[in-house]
S.K.: 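Before we start, here is the structure in question, set down as structure tokens.
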Amino acid sequence: MPPIHSSPFMDNSAFLSLLRHTSSSSAATAAAKRPSKSSSGGGGGLLKMFKLFPMLSSGCKMVALLGRPRKALLKDHATTGTIFGYRKGRVSLAIQEDPHCLPIFVIELPMHTAALNKEMASDILRIALESETKTHKKKLMEEFVWAVYCNGRKIGYSIRRKQMSDDELHVMQHLRGVSMGAGVLPSPAPEKDTLDGELTYMRARFERVVGSKDSEALYMINPDGAAGPELSIFFVRSQ
């Protein structure tokens, strides 16, 4: 199990404040933190690749380019996060402690791939999930019902998967040897390519930070060494 870093500076009030930002404050924050082109050092690699999904052809298979090694490409203890879905369908999120293990958390977000691409226009993406349960008998990521926020705006509710769907199992199987990357996967059913568009994905490594039993955060580790996370995922349980 990957090491979990505790931070006394992360509490529920800070998370809830983030969740309820207005869209204008989110845009202002993104503009303030966005590095200039002259100093970015080539940052934004994975998110920029993900935004190119509509331009990728069916012949561009990232898995084929990366290969299918039996061992992880990077031997560290970072958490693995994967955002995937059909171009005309909804986006799913899977969290794994290791790319070779089944996810510890899978959820279909209440937003479509096209909407997610628009949110990436600022090169900063923050996804927050808030559980409104009043009991604490479960671990945070074992909660089922989540309110979902994207860049400070509430977009709806989702239920964590108890069991993965065939499509989700298909994605995890094909990416079991991939530590990071973005691209197009072969569809488990060819007819879905026509109806829902190609099956796209973005996988990255995250630093996991635990503020308390009711708050956790995942900060994407930029592969190109750019300063500051481009993608952050927050989990919080209201009290």
S.K.: Between the main-chain N or O of Tyr86 and the side-chain N or O of Thr113, is there a donor-acceptor pair closer than 3.5 Å?
M.R.: yes
S.K.: Who pairs with Thr82 by side-chain hydrogen bond (donor to acceptor under 3.5 Å, both in side chains), at least two apart in sequence or on another chain?
M.R.: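 Residues passing side-chain hydrogen bond (donor to acceptor under 3.5 Å, both in side chains) with Thr82: Arg203.
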S.K.: Counting only N and O atoms by type, is there a donor-acceptor contact under 3.5 Å from the side chain of His174 to the main-chain atoms of His170?
M.R.: yes
S.K.: Between the main-chain N or O of Glu143 and the side-chain N or O of Arg160, is there a donor-acceptor pair closer than 3.5 Å?
M.R.: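 Looks like yes, one N/O pair under 3.5 Å.
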S.K.: Contact between Leu116 and Ile83 at the side-chain level, heavy atoms closer than 4.5 Å - yes or no?
M.R.: yes
S.K.: Please check if the side chain of Ser131 supplies one atom and the backbone of Trp146 the other of a donor-acceptor pair under 3.5 Å.
M.R.: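 A pair under 3.5 Å: no.
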S.K.: Just checking Lys138: does its NZ atom have more than 12 heavy atoms from other residues, nucleotides or ligands closer to it than 6.0 angstrom?
M.R.: yes
S.K.: Do Leu129 and Ile107 have side-chain heavy atoms sitting under 4.5 Å apart?
M.R.: yes
S.K.: Are Glu119 and Arg126 within salt-bridge range, i.e. N to O under 4.0 Å?
M.R.: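 Looking at Arg126 together with Glu119, the answer is no, because their closest N to O distance does not fall below 4.0 Å.
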S.K.: Can you tell me how far apart CD (Gln96) and OG1 (Thr79) are? Round to the nearest 0.5 Å.
M.R.: 10.0 Å
S.K.: Between Leu199 and Leu169, is there shared hydrophobic-cluster membership here, with clusters defined by ILVMFWY side-chain heavy atoms closer than 4.5 Å?
M.R.: yes
S.K.: Charged N to carboxylate O below 4.0 Å: is that the case for Arg237 and Glu130?
M.R.: no
S.K.: Taking the side chain as every heavy atom from C-beta outward, state whether Thr200 and Phe84 have any pair of such atoms under 4.5 Å apart.
M.R.: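 No. Closest side-chain heavy atoms not under 4.5 Å.
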S.K.: If I compare all heavy atoms of Cys150 with all of Met111, which pair ends up nearest, and what's the gap?
M.R.: SG-CE, 4.0 Å
S.K.: Would you please indicate yes or no on a ring centroid separation below 6.0 angstrom for Phe235 and Phe105?
M.R.: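 Phe105 vs Phe235: aromatic centres under 6.0 Å.
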S.K.: For Arg161, enumerate each residue passing the salt bridge (Lys or Arg N to Asp or Glu O under 4.0 Å) test, keeping only those at least two apart in sequence or located in another chain.
M.R.: Glu108, Glu168
S.K.: Are Met172 and Leu102 connected in the hydrophobic side-chain network, where two residues link if heavy atoms are under 4.5 Å apart?
M.R.: yes
S.K.: Is there side-chain contact between Lys154 and Val148, with at least one heavy-atom pair below 4.5 Å?
M.R.: no
S.K.: Using the rule that two of Ile, Leu, Val, Met, Phe, Trp, Tyr join whenever any of their side-chain heavy atoms come within less than 4.5 Å, decide whether Tyr157 and Val106 are in one cluster.
M.R.: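 The answer is no; the residues belong to distinct hydrophobic clusters.
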S.K.: Got a sec, which residues hit side-chain contact (heavy atoms from CB on, under 4.5 Å) with Lys139, two or more places apart in sequence or on another chain?
M.R.: Glu142
